[in-house]
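Residues: numbered from 1 along the sequence shown. Note that the structure is predicted; figures quoted are calculated from it, not measured. Only heavy atoms go into these numbers, but all of them, side chains included; no hydrogens, no water, no symmetry mates.
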Amino acid sequence: MTDRSATRSAQTRQPADPRLLQAVLDGDWASYRAEGRTYVEREGFVIDEHAALPELREQTLAGVEALARTGQPVRPLPEDLGGENQHAGYVAGFEELVAASPSIQIKAGVQFGLFGGAIQHLGNAEQHRKWLVPTAAGELLGSFAMTEIGHGSDVASVATTATYDEESREFVVHTPFRAATKEYIGNAAVHARAAVVFAQLVTRGVNHGVHAFFVPVRTEDGEPMPGVRIEDDGHKGGLRGVDNGRFAFESVRIPRENLLDRYGQVAEDGTYTSSIESPGRRFFTMLGTLVQGRVSLDGASTVGAKLGLDIALRYAQERRQFTAAKETEEVVLLDYQRHQRRLMPLLARTWANAVAHDDLLHKFQDVFSGADDSDEARQDLETLAAGFKALSSWDALEILQECREACGGAGFISENRITGLRQDLDIYATFEGDNTVLLQLVGKRLLGDYAAELRHLDIGGVARFIGTQAAEHSLYRSGIANVGRTIGDVFTPLLNTKRIRSGKLQEALLESRVDSMVAELAGNLRPATKMKPEAAADLVNENQDLLIETARAWVHLRKWKALDREFRAFREEHGIDAPETKIFRRIRDLHGLSTVEEHIGWHIMYGRLPMSRARQIGPTIDRLCAKLAADADVLVEAFGYGDAHRRATISTGIEKERQDEARAYFRKLRADSDAPVDEKVLYKRRQEAKKKR
């Protein structure tokens, strides 16, 4: 496949099997992913991204309808509705739609995951029969109307109201002012016939907070229902096939039965009841049932990153630029150290994201199938989904941008796919919750766990904890680092006894950073409990950046641990000397050390790494990048994608053909006695002649 194969074959190494590595990336729902990858070969799943907007939207709708015909959207439904109660498998296969078209994937996500998911998880059995079954079949087209212009991620403060009228036994859905308009709503501009609308439920003069309502928005002829105002968002920065738009409601009346009432019911006389007494807990329980969107965006982001790396690495193995050791032979891009440094750490990070996502799918399946539907399991799922989605979607944007640049001008050509993926995945950073807001949720959960842990420590545990903190502050402030020792020498003996590639060392460094940041954050915020509200709010705001960075560090740790655990299981199964095991270990070490290097200043400043060890990290990363680059052909094959998925001209081998043609031309030219003489050759000869004189 690559011009670099001669170099590889010269090395006396047993070839690695990409299928073994692909099994790691595809995870426990590999069969569903494999099925999802076949969709690119079916009619309706690949659309013309350059078509005019109306045509592109219709093609995208046709793709959603094609997905419905596969039966895939029925899988998460309960068995009594013809489903399999299979949530993780459905999401895994659904994520692979990114390879076909991100527009189809997102429009289908709105239809089946958000609109259908809200009915399934917030509605009752009759509502399931009436609305959920036709939604899964693609017969009832819907949208998910939560976000408002004035309250993006602040769902609890949405201003749309649904006021119960006891006389007519109807809810009156109303948009009280412009900023309460439902905005950025997928399927709203053209295709939705109904919407799940999130509004403040008001009955008998009491506001019971945000609830979900089934609201018809269009007639069968496609005209807006009376009192429903619909606007088109028009052209967007990506996902052009998704018809985003706005909904506003002018006293729209819906039957009482249109309240999705799993967590809150209104009787005919207007009496409100709920199995969850606490309004706050009820609200977060309702939103927690909608976590599927964040789970799928986490995985879809990784699929997009894989595709970008697949294209960029294939190109980098064939594209030649500049001569080096040989005057007549240009160097393959991936032989350059900087090119390796650009792409290989991103590949390792993508592995970590993929493996960690499989863990998330396990938790998702347990909670949504009912295998473990405890409050603790739901909270864990929500925390992981929020943190993983935030970092994976940011990673995808960074990776695709680096892949674009690594392909030079070719990467900027639309036919080579990377820019289109980058544009389409841009919105993932704010889909289903702005990433910064999601990390704040993760940080608050870490603080809660930290406080709970301290409450349950015994006297000896408290003494040890206080002693450790005191020792750390004493060492740090005493300037011991200035006389050749660091806190790391005391708290991380592994620094002196293990190599820098030690998995235990990587874990110690990543874990120590999280523990220290959580402790520092908790210490900073402790006075807030005794402050007046305004002062407490100011204190929290002063520590907001630390809160978010702490959440980032925790997600980095969780993803590294998932990768390390999977590596150890792989080594146990295939043996320490297997070529695939060696590749896997390099991936784990590269990801761990790259994460440490990203925050090397912190590790040195807080005494986790002595300077001598810190200086070893960069050269170690360089060596790992070079070794992994030598196996680039195996690593791209392990992604499991073909030409139909990539659909990028530069990844089809055409660059190798161009380079071979160019090399053959210059080889023939050099052999031709009548060929022009390079002026540099004549100049060199003159200089040599002068030296002899």
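Leu25 has its side chain out of reach of Arg33: every pair of non-hydrogen atoms, C-beta onward, lies at least 4.5 Å apart. The closest side-chain heavy-atom distance from Glu318 to Val332 is not below 4.5 Å. Side chains of Leu287 and Met146 form a contact here, defined as non-hydrogen atoms less than 4.5 Å apart. Using a 4.5 Å cut-off on side-chain heavy atoms (C-beta onward), Phe144 and Phe198 make contact. Side-chain contact between Trp351 and Thr302 is absent, with no heavy-atom pair separated by less than 4.5 Å. Considering only heavy atoms from C-beta on, Leu346 comes within 4.5 Å of Glu398 through its side chain. The closest side-chain heavy-atom distance from Leu421 to Leu307 is below 4.5 Å. Taking 4.5 Å as the limit, some side-chain heavy atom of Asp233 sits within range of a side-chain heavy atom of Glu183.
Nearest heavy atoms, Pro345 versus Arg341: CD-O, 3.2 Å. The two atoms that bring Ala300 and Val98 nearest to each other are CB-CG2, 3.7 Å, heavy atoms only. Counting all heavy atoms, side chain and backbone alike, Arg417 lies closest to Ala648 at CB-CB, 4.3 Å. Of all heavy-atom pairs spanning Ala356 and Lys559, the tightest one is CB-CG, 3.7 Å. Residue Thr38 comes nearest to Glu35 through the heavy atom pair OG1-O, 2.5 Å, listed as atom of the first residue, atom of the second, then distance. Contact between Asp26 and Asp358 at its shortest, heavy atoms only, is O-OD1, 4.2 Å.
Contact check on Arg647 versus Asp643 returns no salt bridge, with no Lys/Arg side-chain nitrogen under 4.0 Å from an Asp/Glu carboxylate oxygen. By the 4.0 Å N-to-carboxylate-O rule, Glu84 lies close enough to Arg75 to be salt-bridged with it. Using a 4.0 Å cut-off between a side-chain N of Lys or Arg and a carboxylate O of Asp or Glu, Asp359 and Arg565 qualify as a salt bridge. Look at Lys627 and Asp631 and you find no salt bridge, because none of the NZ, NE, NH1 or NH2 atoms lies under 4.0 Å from a carboxylate O. Between Arg37 and Glu95 there is no salt bridge, since no side-chain N of the basic residue sits under 4.0 Å from a carboxylate O of the acidic one. Remark: Arg129 engages Glu126 in a salt bridge, criterion side-chain N to carboxylate O under 4.0 Å.
Surrounding CZ of Arg19 are at most 12 heavy atoms belonging to other residues, nucleotides or ligands under 6.0 Å away. Around the NZ atom of Lys130, the shell of radius 6.0 Å holds no more than 12 heavy atoms that belong to other residues, nucleotides or ligands.
Distance check: Leu628 CG to Leu343 CG gives 12.0 Å after rounding to the nearest 0.5 Å. Atom CZ in Arg314 sits 12.5 Å away from atom SG in Cys407 (nearest 0.5 Å). The distance from atom CZ of Arg342 to atom CG of Leu347, rounded to the nearest 0.5 Å, is 15.0 Å. Summarising the geometry, atom CG belonging to Leu563 is positioned 13.5 Å from atom NZ belonging to Lys561; distances are rounded to the nearest 0.5 Å. Note: Ile185 CD1 to Asp243 CG = 11.5 Å, rounded to the nearest 0.5 Å. Separating the OG1 atom in Thr419 from the CD1 atom in Ile413 is a distance of 8.5 Å, to the nearest 0.5 Å.
No side-chain donor-acceptor contact under 3.5 Å links Ser392 to the backbone of Lys389. With hydrogens and angles ignored, the 3.5 Å screen pairs no side-chain donor or acceptor of Glu655 with any backbone N or O of Tyr315. A donor-acceptor pair under 3.5 Å links the side-chain atoms of Gln365 to the main chain of Asn85, judged by distance alone. In terms of modelled atom types and a separation under 3.5 Å, the side chain of Lys306 and the main chain of Ala354 share no donor-acceptor contact. Using a distance-only test at 3.5 Å, with no hydrogens or angles considered, a donor-acceptor pair links the side chain of Arg193 to the main chain of His191. Not a single donor-acceptor pair under 3.5 Å links the side chain of Gln127 to the backbone N or O of Ile119. In this structure, Arg319 contributes its side chain and Leu334 its backbone to no donor-acceptor pair below 3.5 Å. Looking at Gln111, its side chain does come within 3.5 Å of a backbone N or O of Leu140 through a donor-acceptor pair. A donor-acceptor distance shorter than 3.5 angstrom exists from the side chain of Gln72 to the backbone of Tyr90, with no hydrogens or angles considered. With hydrogens and angles ignored, the 3.5 Å screen pairs no side-chain donor or acceptor of Ser651 with any backbone N or O of Ile311.
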With a 3.5 Å cut-off and sequence neighbours excluded, list the donor-acceptor pairs that the side chains of residues 576-585 form with protein atoms.
unit_1: Glu580; atom_1: OE2; unit_2: Asp17; atom_2: N; d: 2.7
unit_1: Thr581; atom_1: OG1; unit_2: Gly575; atom_2: O; d: 2.7
unit_1: Arg585; atom_1: NE; unit_2: Asp589; atom_2: OD2; d: 3.0
unit_1: Arg585; atom_1: NH2; unit_2: Arg501; atom_2: O; d: 3.3

Next on the checklist: Go through it in stages, so that I can follow the logic: the residues are Thr60 and Ser101, the test is side chain to side chain contact (heavy atoms under 4.5 Å, CB included), and I'd like the CA-CA distance, side-chain angles, deciding distance and then a yes or no.
Outcome noted: CA-CA 8 Å; Thr60 304; Ser101 166; 5.5 Å; no
Checklist entry - Given the rule in the salt bridge (charged side-chain N to carboxylate O under 4.0 Å, His left out) test, do Lys363 and Asp372 qualify, once you have shown the distances and angles that lead to the verdict? => result CA-CA 8 Å; Lys363 288 188 176 293; Asp372 183 3; over 6 Å; no
Checklist entry - Would Trp29 and His362 count as a ring-ring contact (aromatic ring centres under 6.0 Å, His included) if you check the C-alpha gap in whole Å, the side-chain angles of each, and the deciding distance to 0.1 Å? => result CA-CA 10 Å; Trp29 284 274; His362 274 284; 4.6 Å; yes
Item to check | Check against side chain to side chain contact (heavy atoms under 4.5 Å, CB included), Ile587 and Leu635 | outcome: CA-CA 10 Å; Ile587 289 171; Leu635 291 167; 3.9 Å; yes
Next on the checklist: If you apply the rule side chain to side chain donor-acceptor pair (under 3.5 Å), what do you find for Ser301 with Asp395, and how did you get there?
Outcome noted: CA-CA 8 Å; Ser301 297; Asp395 285 345; over 6 Å; no
Checklist entry - Stepwise, does the salt bridge (charged side-chain N to carboxylate O under 4.0 Å, His left out) test hold for Glu566 with Arg588? => result CA-CA 10 Å; Glu566 196 66 29; Arg588 183 207 65 176; over 6 Å; no
Checklist entry - Run the side chain to side chain contact (heavy atoms under 4.5 Å, CB included) check on Ile47 and Ile104 step by step: do they pass? => result CA-CA 9 Å; Ile47 62 180; Ile104 293 177; 3.9 Å; yes
Next on the checklist: Would Leu397 and Tyr428 count as a side chain to side chain contact (heavy atoms under 4.5 Å, CB included) here? Give the steps.
Outcome noted: CA-CA 9 Å; Leu397 297 182; Tyr428 285 23; over 6 Å; no
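Just one of Ile427, Leu297, Asp424 meets the side chain to side chain contact (heavy atoms under 4.5 Å, CB included) condition when paired with Ile106; it is Leu297.
Applying the salt bridge (Lys or Arg N to Asp or Glu O under 4.0 Å) rule to pairs touching residues 51-68 yields Arg57-Asp232, sequence neighbours excluded.
Between Phe214 and Phe115, the two ring planes are tilted [angle within 30° to 60°]. Below 30°, between 30° and 60°, or above 60°: for Tyr39 and Phe45 the angle between ring planes is below 30°, a parallel geometry. Note on ring orientation: taking the six-membered ring where Trp is involved, the planes of His645 and Tyr641 are tilted (angle from 30° to 60°).
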